[in-house]
Amino acid sequence: MTRGAAAGSSDEDAYDASPFVPAGADLDALRDAAAGCHGCPLHRDASQTVFGAGDVSARVLLVGEQPGDQEDRKGHPFVGPAGGVLDRALAEAGISSGETYVTNAVKHFKFEAAARGKRRIHKAPSLREISACKPWLVEELRSVGPEVVVALGASAGKALLGSGFRVNRDRGVPVPVPLPAGDGVLVATIHPSAVLRGDDAGRAELYGGLVADLRVVGRLLG
Ligand code: URA
Ligand code: SF4
């Protein structure tokens, strides 16, 4: 890819994190390098890069969409309301959160330029942004080397399986996937923030579905 050739262009025109990714680095070095990523325009308005966190040799690596408002402020993934749902569902499925590594398809918070007060409204990342950020996810997968990867929602599924992924068609069914550290299995499910939308009955059903899909993961772990 040619970068910086045309007048007025910048690194960000390439939509590619790879020039920022150090070769063969461990997770700590990757996290440090990701803090300075300008691989796409999303770093401009977000507070900080939110890299993955958790057990560095986890058997399960969970991928969300992107940091939310609270994650953007605190610098850690899944520490807001969606993280609360996820922690509860993992526990109910018998997966200890101490045995997992959690990250996101996109490492910067994308939100609506809020002309209305302080609240920042989440905006789904584009395929272009997901693909720009993927080199970080690939390095996390290589470094952690999980047996099972969990795609939480459509953006994660697209990052891991391509743009043809459809969460309601593809969820809950283990599929073999080639991973940077060897072959693995992927299980997709809904995004935990989906559980927070809708009325009480809808929430209960969505939450039950999330737990059922995570139980599939639990069974794979034995
Ligand atoms: N939603 C996500 O996809 N990831 C987070 O880290 C928080 C909310
Ligand atoms: Fe880099 Fe990803 Fe942030 Fe874009 S979203 S600047 S590719 S870390």
Side-chain angles (χ1 to χ4, degrees), residues 1-23 25 30-52 61-73 75 77-78 80 82 102-115 120-143 149-171 175 177-180 186 188-194 197:
M1 218 180 297
T2 312
R3 291 188 299 109
S9 75
S10 71
D11 280 353
E12 287 149 21
D13 296 328
Y15 275 80
D16 181 10
S18 27
F20 299 90
V21 179
L30 289 166
R31 184 179 290 104
D32 288 350
C37 184
H38 290 188
C40 82
L42 291 184
H43 72 92
R44 289 189 201 148
D45 296 325
S47 312
Q48 57 188 316
T49 306
V50 178
F51 204 70
L61 186 150
L62 298 115
V63 184
E65 180 183 70
Q66 60 166 340
D69 177 82
Q70 297 205 32
E71 289 78 14
D72 175 73
R73 296 173 197 273
F78 285 103
V102 285
T103 190
N104 285 298
V106 167
K107 268 59 171 173
H108 276 104
F109 179 34
K110 183 178 181 183
F111 54 95
E112 218 141 276
R120 301 180 299 172
I121 314 294
H122 156 278
K123 236 178 135 183
S126 65
L127 277 178
R128 202 178 179 203
E129 289 151 353
I130 291 170
S131 126
C133 209
K134 190 165 172 184
W136 295 118
L137 180 58
V138 169
E139 288 306 303
E140 289 176 296
L141 288 165
R142 182 185 57 72
S143 186
V149 179
V150 181
L152 300 166
S155 293
K158 286 174 182 169
L160 292 157
L161 294 172
S163 59
F165 174 82
R166 295 292 174 270
V167 66
N168 287 321
R169 184 194 60 202
D170 300 332
R171 66 183 293 185
V175 287
V177 280
L179 294 173
L186 183 142
T189 185
I190 57 168
H191 193 285
S193 69
R197 299 184 207 115

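Because only heavy atoms are used, hydrogens play no part in the values below, and waters and symmetry mates are left out as well, while side chains stay in.
The closest side-chain heavy-atom distance from Leu161 to Asp170 is not below 4.5 Å. Side-chain contact between His191 and Arg197 is absent, with no heavy-atom pair separated by less than 4.5 Å. Side-chain atoms of Lys134 and Glu129, non-hydrogen and from C-beta on, never get closer than 4.5 Å to each other. Looking only at side-chain heavy atoms (C-beta outward), Phe78 and Leu152 come within less than 4.5 Å of each other. Residues Asp45 and Phe111 are in side-chain contact: their nearest non-hydrogen atoms beyond the backbone lie under 4.5 Å apart. In this structure, Thr103 and Pro77 have side chains that are not in contact, with every pair of non-hydrogen atoms separated by 4.5 Å or more. Taking 4.5 Å as the limit, every side-chain heavy atom of Val50 sits out of range of all side-chain heavy atoms of His108.
Residues passing the side chain to side chain contact (heavy atoms under 4.5 Å, CB included) test with Pro180 are Val138, Leu141, Arg142, sequence neighbours excluded. Partners of Glu140 by salt bridge (Lys or Arg N to Asp or Glu O under 4.0 Å), not counting sequence neighbours, listed by chain and number: Lys107.
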Side chain to side chain contact (heavy atoms under 4.5 Å, CB included) between Glu65 and His122: does it pass, once the steps are laid out?
CA-CA 11 Å; Glu65 180 183 70; His122 156 278; 2.5 Å; yes
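The backbone N or O of Lys123 sits less than 3.5 Å from a side-chain atom of Gln66, completing a donor-acceptor pair. With hydrogens and angles disregarded, no donor-acceptor distance shorter than 3.5 Å links the side chain of Asp72 to the backbone of Pro67.
Rounded to the nearest 0.5 angstrom, Leu42 CG and Tyr15 OH are separated by 7.0 Å.
Taking the centre and axis of the six-membered ring of Phe51, the NZ or CZ atom of Arg31 falls outside the cone set by 45° and 6.0 Å.
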